[in-house]
Chemist: 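Input: one structure, supplied below.
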4 protein chains.
Amino acid sequence: MADPRAPKAPDASRRSERSRRAIFDAALALVGEVGYDKLTIEGIASRAGVGKQTIYRWWPSKAAVLLDAFGAVVDEYDHEGLPDTGDLAADLKFVLRATADEFNDAAWQAPYRALAAAGVNDEELSRTFVARLMEPSTRVYVDRLRAAQETGEVAPGVDLRIATEMLLSPFSQRWLMRTGELTHDYVDTLVDLVLHGLRPRG
Amino acid sequence: MADPRAPKAPDASRRSERSRRAIFDAALALVGEVGYDKLTIEGIASRAGVGKQTIYRWWPSKAAVLLDAFGAVVDEYDHEGLPDTGDLAADLKFVLRATADEFNDAAWQAPYRALAAAGVNDEELSRTFVARLMEPSTRVYVDRLRAAQETGEVAPGVDLRIATEMLLSPFSQRWLMRTGELTHDYVDTLVDLVLHGLRPRG
Amino acid sequence: MADPRAPKAPDASRRSERSRRAIFDAALALVGEVGYDKLTIEGIASRAGVGKQTIYRWWPSKAAVLLDAFGAVVDEYDHEGLPDTGDLAADLKFVLRATADEFNDAAWQAPYRALAAAGVNDEELSRTFVARLMEPSTRVYVDRLRAAQETGEVAPGVDLRIATEMLLSPFSQRWLMRTGELTHDYVDTLVDLVLHGLRPRG
Amino acid sequence: MADPRAPKAPDASRRSERSRRAIFDAALALVGEVGYDKLTIEGIASRAGVGKQTIYRWWPSKAAVLLDAFGAVVDEYDHEGLPDTGDLAADLKFVLRATADEFNDAAWQAPYRALAAAGVNDEELSRTFVARLMEPSTRVYVDRLRAAQETGEVAPGVDLRIATEMLLSPFSQRWLMRTGELTHDYVDTLVDLVLHGLRPRG
DNA sequence: ACATAAACGAGACGGTACGTCAGGTCTTTCA
DNA sequence: TGAAAGACCTGACGTACCGTCTCGTTTATGT
């Protein structure tokens, strides 16, 4: 029973896949070239060889377009859990070093920064951004820490969500606010310091 | 030795203090009312009873106006160091609880969020933002931790800058990305977890 | 064969007739109310209930708008030739008296003056102004004088273009520069004096 | 007895002659370089090395400045009457040919055109323009024609003001509206045609 | 296979804000 | 105290995009 007040419900089954792809490509290319503030719907449409209405039909804002576009890229990566060699510190350092390298890659910077920034001012967008892009990566750390908690490497009773934040937030914050470099040394120091705090006491 | 290529250097000594104040008030009021994206230079000028050119003469962007405006407010606070009762955990919890309350205050939210977001996409702005608004607050934590290190509460050799990040970044990140509430309980748990990691090993 | 350097060619077939009309009406009304110098594109757009871009899309300047607007009004008049009763003097006086009355009408004054003035400083505009508004009225005089030349009322060999100027220029000049009134008496005297000069000699 | 409502009465005796000259020079130079529409008070002030207020103190508009500036130049010419060799046609042709050459000189064009155009839309300005610049040149023609009327070359009873208009208006109009060239041939034809009309009848 | 309805490309439209320019007023500083 | 310098408020400029709204033109079933 459709809401008769609804303005229009475009028929998703007839949607042009070609246009969708072209819009994603254009959006990602443009945000890298001109930055988020100068990214425009008209620019995306023109670069994609698409009518403006085709964008407005399927997305409510340029942030939503970019989120979908970036999400499509991210989804192509496998999201296996973290490795579990039995050495928690080594496992965390290994993955975080790889993540640091990723964040230092220019192709990721522009869209990720843009979306993070847009989310800061737009509550709904930030919820989607967190759920779609941040939560999946966060969860694997929580899972690995839980495994470590079960083997006694991490003290029982520690709030793993907060523990993960202690690990990932300094990392993200440094990058977002440019308060420091994301080097492998930094990652190692951070992991050691955090794990020390999580270790069973006494 | 002035740069002869400089387009024009307005004479700061003739600047109207009345206009400057009115612009700050208008900017802060408007960013709270309509949000950063709908904040416009024209809107600020009109609300402040000021010509647009008076804004363009002294600031390069709306972000710069807002940064100055918010900075002026922040500067009115005393920036004493953290209390030092000898109990590091208690001191940190006391101050962080107060900060949490501050961040939950709507009047602070709008401009701070706006500037953080703008900084994410604008390197130069982010440097100013960090130096002007974040660094002063961060430094007092570093100082308090150094004092604690000297009394042996904190292990020698710990990188205090990173330690401070472990404390403040999860806090900021939660707030910026809305991944959780800033409650007193959260603050207490975070402080305990972090301090445990900093404690001398034994 | 389109000029590829041309910036953009708006599609005239999609043009809104309603907007075009509204712009003409607004331009003519405003030039009468506030005068040419205080006539603004923004004012026209606002009065016409039209976006500024809709004006800039189709006209290069406010003078061009006004020229089209006034031209559209003028085109509604029939441009029959002058009457030919066989009495040249009477025919000229009859038409020139009517023209004098027209020029003394406030509704004609504002746009005509404005365009004449704009043309003085803008060569291209003046060419259009002359071709579109002045030439058609001038031609009918030349034609009538030619007929008179064939009947012998006007001396053969007289340059009819210059003869027409002798008749019309004093008239226009008086009005433009406000050096005198355009009365029926003035018209009669002028016609008599000019025709005397054109009469066959001997 | 000064009008106490008058906002301010600058003391003309203290006026800086140096500034006045510089303003005239700047105005005439600029109107030639950029045209009347792009001539600005700020531009004149800056070029003249003068404060804007110094212009506003002494003139009400840029047209007034230009009128004074051009008038000062014109006043340096002697305004003797027309020559009177006894041959009216020859005398008129001689002077009108010289005038045609003058009007074809670029240095005269810009300010004269500008003032004529400004006068079309501004009644008060046009009165001053006519009285200051046009009337003196016109009067010498009227005087010469009166002399001719007394010798019988021109029919008694002819309105000399209108006769002069028949001679000068076609000339000015051609130039203002660019409807034709001001050649010596043109001048000769015009003079002959007009004089024929003025000749005693019978 | 073909009718038909939707999505599509294109882009004109009424708007808002941009950043710039100049107008005319006012104040400060200097000679 | 007149003049230079220039900051100020005002308001129009011409441009860029916004989001909405037609226009024909594909395209993709569904009978």
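Every heavy atom of this structure was used, including side-chain atoms; hydrogens, water molecules and symmetry mates were not. Since the structure is predicted, the reported quantities are computational estimates derived from the model, not experimental observations. Below, chain A is the first sequence line, B the second, and so on; all start at residue 1.
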Chemist: If you take any heavy atom closer than 4.0 Å to DNA chain E, which residues from residues 28-37 of chain D end up in contact?
Modeler: none
Chemist: Identify, with sequence neighbours excluded, every residue that meets side chain to side chain contact (heavy atoms under 4.5 Å, CB included) alongside B/Ala26.
Modeler: B/Ile44, B/Arg47, B/Ala48
Chemist: Holding to side chain to side chain contact (heavy atoms under 4.5 Å, CB included), I want the full list of residues that pass it with D/Ser46, two or more places apart in sequence or in another chain.
Modeler: none
Chemist: Summarise protein proximity over nucleotides 7-13 of chain F in one line of letters, 5' to 3': B for base, S for sugar-phosphate only, - for none, counting protein heavy atoms closer than 4.0 Å.
Modeler: SBSB-BB
Chemist: Step through the shown structure and confirm whether more than 12 heavy atoms of other residues, nucleotides or ligands are within 6.0 Å of CZ on A/Arg21.
Modeler: no
Chemist: For D/Arg127, check salt bridge (Lys or Arg N to Asp or Glu O under 4.0 Å) against everything at least two apart and list the hits.
Modeler: D/Glu123
Chemist: Report the distance from atom CD1 of B/Ile55 to atom C1' of E/dA17, rounded to the nearest whole Å.
Modeler: 13 Å
Chemist: Take the protein atom NZ of A/Lys38 and the nucleotide atom P of F/dT15, then report the distance between them rounded to whole Å.
Modeler: 18 Å
Chemist: List the residues meeting side-chain hydrogen bond (donor to acceptor under 3.5 Å, both in side chains) with D/Thr54, not counting sequence neighbours, and say none if there are none.
Modeler: none
Chemist: Just how far, in rounded Å, is C1' of E/dG14 from CZ of C/Arg18?
Modeler: 13 Å
Chemist: Would you please name every residue forming a salt bridge (Lys or Arg N to Asp or Glu O under 4.0 Å) with D/Arg132, sequence neighbours left out?
Modeler: D/Asp75
Chemist: Check side chain to side chain contact (heavy atoms under 4.5 Å, CB included) between B/Ile41 and all other residues, then give those that pass, not counting sequence neighbours.
Modeler: B/Ile55, B/Tyr56, B/Lys62
Chemist: Using a heavy-atom distance cut-off of less than 4.0 Å, which residues of residues 116-128 of chain A contact DNA chain E?
Modeler: none
Chemist: Under the rule for ring pair (Phe, Tyr, Trp, His ring centres under 6.0 Å), what residues qualify as partners of D/Tyr36, not counting sequence neighbours?
Modeler: none
Chemist: Who are the salt bridge (Lys or Arg N to Asp or Glu O under 4.0 Å) partners of B/Arg113, not counting sequence neighbours?
Modeler: none
Chemist: May I have the distance from C/Ile23 (atom CD1) to E/dG14 (atom C1'), rounded to whole angstrom?
Modeler: 11 Å
Chemist: With sequence neighbours left out, write down each residue that passes side-chain hydrogen bond (donor to acceptor under 3.5 Å, both in side chains) with D/Glu42, or none if nothing qualifies.
Modeler: D/Lys52
